[in-house]
Asks: 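I have a structure here, written as structure tokens, and I will follow up with some questions on it.
Atom set for the values below is all heavy atoms of this structure, side chains included, hydrogens, waters and symmetry mates excluded. In the text below, chain A, chain B and the rest are named by the order of the sequence lines, each starting its count at 1.
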Amino acid sequence: MQVCHEPVIELDHVTFAYDGEPVLQDLNITIQQRDFAGLIGTNGAGKTTMLRLIVGLLKPSAGEVRLFGQPLRSFDQWDRIGYVPQKHALNPQFPASVREIVLSGLYTRKRWLKRLKPDDHSKAEEAMQALGIEQLADKRVGELSGGQQQRVFLARAIINQPELLILDEPFTGVDEATQQSFFQILRHMHQHHNMTFLMVSHDLQMMREYLGDEPLRINPRLSLYVRHSHGQDCRGTDIMHSLKSLRADREEEQTASHERGDQRRFHDSGEVQAVIHAGEGEGEM
Amino acid sequence: MQVCHEPVIELDHVTFAYDGEPVLQDLNITIQQRDFAGLIGTNGAGKTTMLRLIVGLLKPSAGEVRLFGQPLRSFDQWDRIGYVPQKHALNPQFPASVREIVLSGLYTRKRWLKRLKPDDHSKAEEAMQALGIEQLADKRVGELSGGQQQRVFLARAIINQPELLILDEPFTGVDEATQQSFFQILRHMHQHHNMTFLMVSHDLQMMREYLGDEPLRINPRLSLYVRHSHGQDCRGTDIMHSLKSLRADREEEQTASHERGDQRRFHDSGEVQAVIHAGEGEGEM
Amino acid sequence: MSVTEMLDIFTYPFFQKALLGGILIGLMAPLIGAFLVFRRLSMIGDTLSHVSIAGVALGFLVGMSPQSLGIVFAVIAALAIEKLRTTYRAYAELSIAILMSGGVALASLFISMGKGTMNVTGYLFGSIYTLDAADLWIAAGVTLAVLLFVLVNYKELFLITFDEDAARVSGLPAAAYNLLITILTALTISAAIKIVGALLVSALITVPVAASMIAAKDFRRSLILSVIYSEAAVIIGVTAAGIGNFAPSGTIVLLLIFMLIATIASRKGVKR
Amino acid sequence: MSVTEMLDIFTYPFFQKALLGGILIGLMAPLIGAFLVFRRLSMIGDTLSHVSIAGVALGFLVGMSPQSLGIVFAVIAALAIEKLRTTYRAYAELSIAILMSGGVALASLFISMGKGTMNVTGYLFGSIYTLDAADLWIAAGVTLAVLLFVLVNYKELFLITFDEDAARVSGLPAAAYNLLITILTALTISAAIKIVGALLVSALITVPVAASMIAAKDFRRSLILSVIYSEAAVIIGVTAAGIGNFAPSGTIVLLLIFMLIATIASRKGVKR
Amino acid sequence: QSNAISEDKINVYTSFYPLYDFASRIGGEHVQVTSLVPAGVDPHDWSPKSQDIIQLSKAQLFIHNGAGFDDWWVEDLLTSLGESKPKVVTASEGIELIPADGEGAGHDHGSEEDEHLHGNELNEHDHGDYDPHVWLSPLNAMRMAENILGGLIAVDPEHEADYRANFEQFSEELKALHEEYMAVVEQAGRLEFVTSHQAFAYLARDYGLTQLSIMGLSTEAEPTSQDMMKIMAFIREHGVRYILYEELSSPKIAKTLAEDLGIEMLPLNPIEGLTPEQEAAGENYVSLMRHNLRSLELALQE
Ligand SMILES: Nc1ncnc2c1ncn2[C@@H]1O[C@H](COP(=O)(O)OP(=O)(O)OP(=O)(O)O)[C@@H](O)[C@H]1O
Ligand SMILES: Nc1ncnc2c1ncn2[C@@H]1O[C@H](COP(=O)(O)OP(=O)(O)OP(=O)(O)O)[C@@H](O)[C@H]1O
Ligand SMILES: [Mg+2]
Ligand SMILES: [Mg+2]
Ligand SMILES: [Zn+2]
């Protein structure tokens with residue numbers, strides 16, 4: 001097995017029911033390192049439920065979830081994971097500034113009880129720049145528009161540059177231009193940094209353009225689009241760097257072509273690596 | 001002036017600031033009967049603010065808003081208006097069923113203190129069918145998925161078949177298929193029923209496809225796509241009827257063609273009727 | 001104790017009045033309580049009773065009717081709560097906490113200024129065993145007022161409680177409605193507290209609603225269920241306290257809390 | 001009264017102790033209060049003090065130390081609140097209201113079972129003018145404990161208060177943290193109540209935080225500002241009450257509320 | 001009740017009204033008496049103000065009731081004074097206290113740590129164990145007056161003679177009151193009386209009466225059904241025609257019984273304070289006890 005093919009997310013015969021109402025049944029999914037997995041499904045199909053099971057906010061009624069090969073029960077490397085939920089528990093009157101919330105993406109297990117360093121503040125600055133909210137840094141989050149708020153939570157998710165980024169409808173309310181540039185950052189991260197993605201979206205077109213047209217059916221209502229990356233890793237480790245390379249790309253494009261829609265088509269020869277045994281009774285435990 | 005050209009929404013030198021921070025300045029916009037107006041703008045441009053000004057949830061710091069020709073202060077025909085906000089004040093533990101919330105779309109001024117009739121219940125049934133949530137009727141809204149909840153609020157907005165429907169990012173979290181079918185219902189209503197629409201969306205493509213490619217700039221960050229309809233009115237008045245005609249359309253399409261994307265292009269010879277005098281100092285008061 | 005002896009209690013007028021009064025308040029409290037709890041004002045009963053003390057103390061101090069001043073203070077407090085509720089719209093319960101502090105502080109100030117005899121608390125707290133005919137009539141009036149208000153305005157109350165913005169956009173005069181709810185709340189609660197005591201009223205406003213919202217999926221059913229919880233607790237509680245010789249209010253409230261815990265346990269709750 | 005006469009009050013040991021005790025509690029209360037208010041537990045001070053009464057009454061009844069039982073009850077109540085807070089996660093303030101009813105009901109039951117005078121409340125309520133050296137040491141200890149806890153765990157507390165799910169996903173042992181916060185809250189509040197009285201503690205937990213959240217845009221500043229509000233009210237209030245001979249707690253709390261109203265008025269609030 | 005400390009008089013502070021009355025009578029012109037807790041204010045709702053403490057620290061004598069009535073805050077208050085404490089007199093000292101539970105079976109509190117020091121005060125027991133309403137019997141009042149006399153003499157031996165003379169005079173009045181009570185009891189048609197709260201146990205003991213109360217000593221407790229039924233049974237059985245009630249704390253319970261049983265209500269004042277009207281009418285402890293006697297006389301008729 002190649003180094004990059006280690007499983008990052010494994011659902012092993014996972015079943016879940018809310019109050020006796022089954023939502024997910026006997027799910028077997030493996031997402032590997034450097035996969036970009038897009039989860040698509042109708043409303044109520046169980047996408048959010050699945051993501052919450054993966055990050056441990058829900059406990060499966062049967063089966064096991066493993067992250068980076070470790071069962072969730074004993075998993076403790078939460079700094080390797082970033083998660084943007086579908087809905088935020090943001091109280092509009094909670095006095096927290098954009099900067100504070102973005103910084104809180106760094107408050108992971110490893111850093112408990114440690115003070116923030118100047119370096120951390122520049123990371124926050126970069127993350128905010130990446131989402132175009134650097135001007136809003138000192139505003140109260142509750143006073144932002146819906147899309148601006150979503151950008152804050154996206155900035156929080158990438159500030160830590162986690163190895164696995166789990167995004168539940170991350171573009172909700174975000175304007176077209178920011179969607180494009182953020183997705184490009186994600187793509188750059190996917191292709192040139194050792195990162196794995198699991199993303200829910202209803203934007204079929206955007207998903208298909210990057211992830212190809214051959215989804216894997218998890219069950220009748222859920223399908224997974226996966227693209228694997230073998231791109232060369234680049235040395236830059238800061239978000240700013242992704243942003244710069246993105247900007248360079250953009251300028252290139254702008255000088256090269258003006259045709260709309262073109263900038264989206266970046267297909268490379270990614271092979272689908274997700275292993276899915278939906279519905280099967282066995283599978284490697 | 002033609003009968004269908006009566007102004008429905010008029011912003012007359014409207015200015016608004018939050019806590020001294022100006023958001024909208026000297027806005028002059030007129031949306032007329034049977035316009036389908038799409039409001040597009042970057043995050044934080046002031047779209048939601050504008051819609052909240054129009055429905056009276058915010059008061060302009062200067063200027064006047066008129067609905068159906070009447071200044072907002074004295075406006076009282078709220079049953080002619082439907083509004084779906086960007087964010088819902090839905091507490092997930094509030095015990096309200098889908099049916100109750102959809103029915104609450106009928107609780108307009110005219111019906112205060114009146115009991116609901118059996119007719120009203122069948123209207124609710126239709127509205128729920130239109131959004132594909134009839135199976136969820138007796139579930140608690142807080143227990144639905146994000147997209148399902150949004151569908152509930154869309155159903156509530158159309159149950160009353162208002163003359164003016166104001167939608168703030170109505171497709172948030174709604175799956176692709178439902179987006180399509182709901183947008184088709186809206187289009188049918190626009191073309192064949194005397195209805196006016198004001199809709200905010202970040203889905204440029206969907207907007208452009210129906211509303212054309214020539215937006216009116218309101219200010220550097222906001223633009224309005226408008227399409228006017230002169231379509232023949234049809235007699236049906238129930239939502240079910242829109243749905244049925246939609247289904248008929250669909251079947252037709254399905255037999256006629258299989259090309260993706262095609263079903264979206266319904267341009268008819270709508271002329272742009274919105275009158276915009278952004279930034280001008282005067283204009284008809 | 002033989003069964004006859006046990007049933008003997010039902011022949012006592014004070015007990016009959018307690019049962020009747022309890023049934024009336026037990027109907028009214030959760031009906032108005034639902035609209036308070038879902039506005040995050042579940043502690044309003046406790047707060048109004050504490051603020052009233054300030055009014056009563058002031059009444060003694062300036063030689064006006066303590067009881068009327070107590071009610072005036074309750075109404076003013078309710079209006080202040082309504083005002084603060086819009087300021088803290090996302091933390092509405094803060095309005096209650098602020099008024100609580102302010103009310104107790106005023107009371108302590110007035111009490112410390114007072115020279116005369118003021119048995120301040122005595123003016124406020126009733127007990128379910130000490131109802132007289134006038135109390136019963138007031139209880140009946142309050143209950144009827146609340147019942148009519150809720151029945152006639154059910155749709156409006158639902159909408160304004162569930163989604164105040166939507167209520168405004170559908171033309172409901174929200175400010176006027178809020179004012180009406182506020183004043184009715186202050187009046188009925190302070191009347192009820194005077195009759196059966198603050199403990200019972202505060203609990204009957206809150207706990208049945210807390211239990212019913214776990215058990216019911218829709219609002220109408222939750223409202224009905226809360227009345228059922230409340231009446232069951234009152235009837236069983238008054239009877240049990242009567243036969244078993246416990247403090248009646250305490251018994252009713254503990255029964256309610258027991259019913260709440262049973263409801264939560266039976267539903268097991270939604271796993272987070 | 002001449003200025004010298006006015007300043008004379010500062011020479012009295014009881015007044016010096018009041019000032020010192022007030023400054024200590026005035027530091028500690030809003031620091032822990034912020035994490036309570038934003039969890040919607042702003043009434044926890046009132047509730048714990050009422051629940052303690054049940055413990056004290058039980059102490060009298062069974063002949064155990066009333067004061068220790070009072071604290072035990074406060075801790076149990078805080079744990080129950082934490083449990084109910086997850087059941088009513090979207091209406092967390094309901095957990096407070098339920099415990100309030102339950103606590104008062106238990107107290108009424110125990111009191112009515114006891115035959116003695118049960119000077120129940122006396123065990124609970126201190127006054128800022130009656131501090132002794134031991135009280136000051138306890139106040140200092142409580143303040144130090146809270147200060148250290150908040151300083152050391154600032155990031156964790158911010159995250160768990162702002163977004164509990166995010167805290168879990170970033171690996172914070174949320175359940176353990178919640179337990180820790182809960183128990184620390186119960187202990188410090190019940191200690192502080194015994195020392196300076198329930199009125200002052202409840203108000204200092206809530207009102208400065210309510211004012212600062214209106215004035216400050218970020219959490220750190222709002223926390224600092226709440227301490228400034230609180231200390232300003234304590235120092236000015238204790239001094240004014242000392243010179244003007246008013247009830248000290250009442251004066252401090254009314255000053256706080258005045259500062260709150262001034263803050264709201266100066267900000268005019270965001271129009272809805 | 002002037003608040004100022006008088007330089008040329010003995011400054012006496014008392015915790016509540018009857019002690020104020022007693023101390024004024026005995027101290028006469030030599031003393032300036034102030035009552036701390038305003039009459040009738042529940043001590044729980046009261047907290048001292050700065051002048052209270054300052055002046056208390058300058059006072060020569062502080063008299064409080066004891067017997068569980070005011071100990072808990074007196075103790076806090078006194079410790080807060082530090083060194084400059086006045087002499088403290090516990091007025092109930094030496095009176096044989098009645099255990100709080102009417103049955104007389106005291107709890108065993110022996111093992112309990114006594115956090116609430118009573119300093120120089122009387123009983124080792126936790127408060128709450130005894131009925132604190134000692135002042136409601138003229139005989140006890142005499143004993144309390146004696147204690148106050150002792151305190152005054154201790155702080156101001158110079159005027160011992162005057163104090164003794166005043167005490168004798170007051171004592172005569174109390175004796176006269178005692179005689180009147182004896183006379184009423186002698187002519188009584190019955191020896192039981194029914195009250196709302198159990199505040200008159202000392203009176204009952206000293207005059208061989210039986211007090212039947214609906215509720216115990218605590219005003220915080222709720223009546224239980226047995227409380228109500230027992231008293232009703234008693235009233236019916238013995239043909240009681242009057243129920244004695246405390247105007248301020250519990251009129252409703254008495255009212256309920258009176259209404260249900262068709263009997264009458266008579267006020268019985270626990271004399272914890274004076275209303276402004278009573279003060280204006282020149283009432284005092286003795287005159288109020290006479291009013292109580294009027295009610296009692298009616299209640300004790302056959
Ligand atoms: N309650 C508020 N207090 C202060 N400023 C606010 C408030 N709400 C919005 N704003 C500011 O007003 C501007 C306009 O906000 P609005 O919500 O109207 O934007 P929008 O166009 O709807 O954006 P989006 O596409 O993100 O929904 C933003 O810059 C925002 O920061
Ligand atoms: N708290 C809950 N209690 C009970 N049922 C729930 C709860 N949350 C979700 N469900 C149900 O579980 C199913 C899956 O919900 P989930 O949120 O995972 O859907 P989803 O795929 O994310 O949908 P969407 O695209 O709308 O976000 C839905 O049918 C929903 O009604
Ligand atoms: Mg979802
Ligand atoms: Mg918006
Ligand atoms: Zn039609």
Asks: Just verifying a value: how many Å separate D:Ser170 OG and A:Arg156 CZ, rounded to the nearest 0.5 Å?
Replies: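 Here the interatomic distance stands at 8.0 Å.
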Asks: Could you check whether D:Asp165 pairs with A:Lys87 (Lys NZ or Arg NE/NH1/NH2 to Asp/Glu carboxylate O, under 4.0 Å)?
Replies: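 Here D:Asp165 does not pair with A:Lys87 in a salt bridge, since their nearest N and O are not under 4.0 Å apart.
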Asks: As an exercise: rank A:Leu90, A:Ile81, A:Asn91, A:Ile101 by heavy-atom pairs under 4.5 Å with chain D and give me the winner.
Replies: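 Highest number of heavy-atom pairs under 4.5 Å: A:Ile101.
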Asks: Testing the basics here: between D:Ala216 and A:Pro95, what is the closest heavy-atom pair and its distance to 0.1 Å?
Replies: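 That closest heavy-atom pairing would be O-CB, 4.0 Å.
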Asks: Between D:Phe162 and A:Phe94, what is the ring plane arrangement, given parallel below 30°, perpendicular above 60°, and tilted in between?
Replies: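 Judged by the thresholds at 30° and 60°, the geometry between D:Phe162 and A:Phe94 is tilted.
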Asks: Could you state the interatomic distance from CE (D:Met213) to CD (A:Gln93), rounded to the nearest 0.5 Å?
Replies: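 CD of A:Gln93 is found 4.5 Å from CE of D:Met213.
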Asks: Rounded to the nearest 0.5 Å, how far apart are OG of A:Ser97 and CZ of D:Arg221?
Replies: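 A:Ser97 atom OG to D:Arg221 atom CZ measures 7.5 Å (nearest 0.5 Å).
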Asks: Does the A:Glu100 side chain pair with the main chain of D:Phe219, one donor and one acceptor, at a distance under 3.5 Å?
Replies: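 Present.
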Asks: Grab the two heavy atoms, one from D:Lys155 and one from A:Tyr107, that are nearest each other, plus how far apart they are.
Replies: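 Shortest heavy-atom separation between D:Lys155 and A:Tyr107 comes out as CD-CE2, 3.3 Å.
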Asks: Counting heavy-atom pairs under 4.5 Å with chain D, which one of A:Pro85, A:Ser104, A:Ala96 comes out on top?
Replies: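 Ranked by heavy-atom pairs under 4.5 Å with chain D, first place is A:Ala96.
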Asks: Which heavy-atom pair separates A:Trp78 from D:Gly171 by the least distance, and what is that distance?
Replies: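 Heavy atoms of A:Trp78 and D:Gly171 come nearest at CD1-CA, 3.1 Å.
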Asks: Taking atom CG of A:Leu57 and atom CD of D:Glu164, what is their separation to the nearest 0.5 Å?
Replies: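 Answer for the CG-CD pair, A:Leu57 versus D:Glu164, is 10.0 Å.
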Asks: Could you look at D:Leu223 and say if it's the side chain, the backbone, both or neither that has a heavy atom under 4.5 Å from chain A?
Replies: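 The answer is neither part of D:Leu223.
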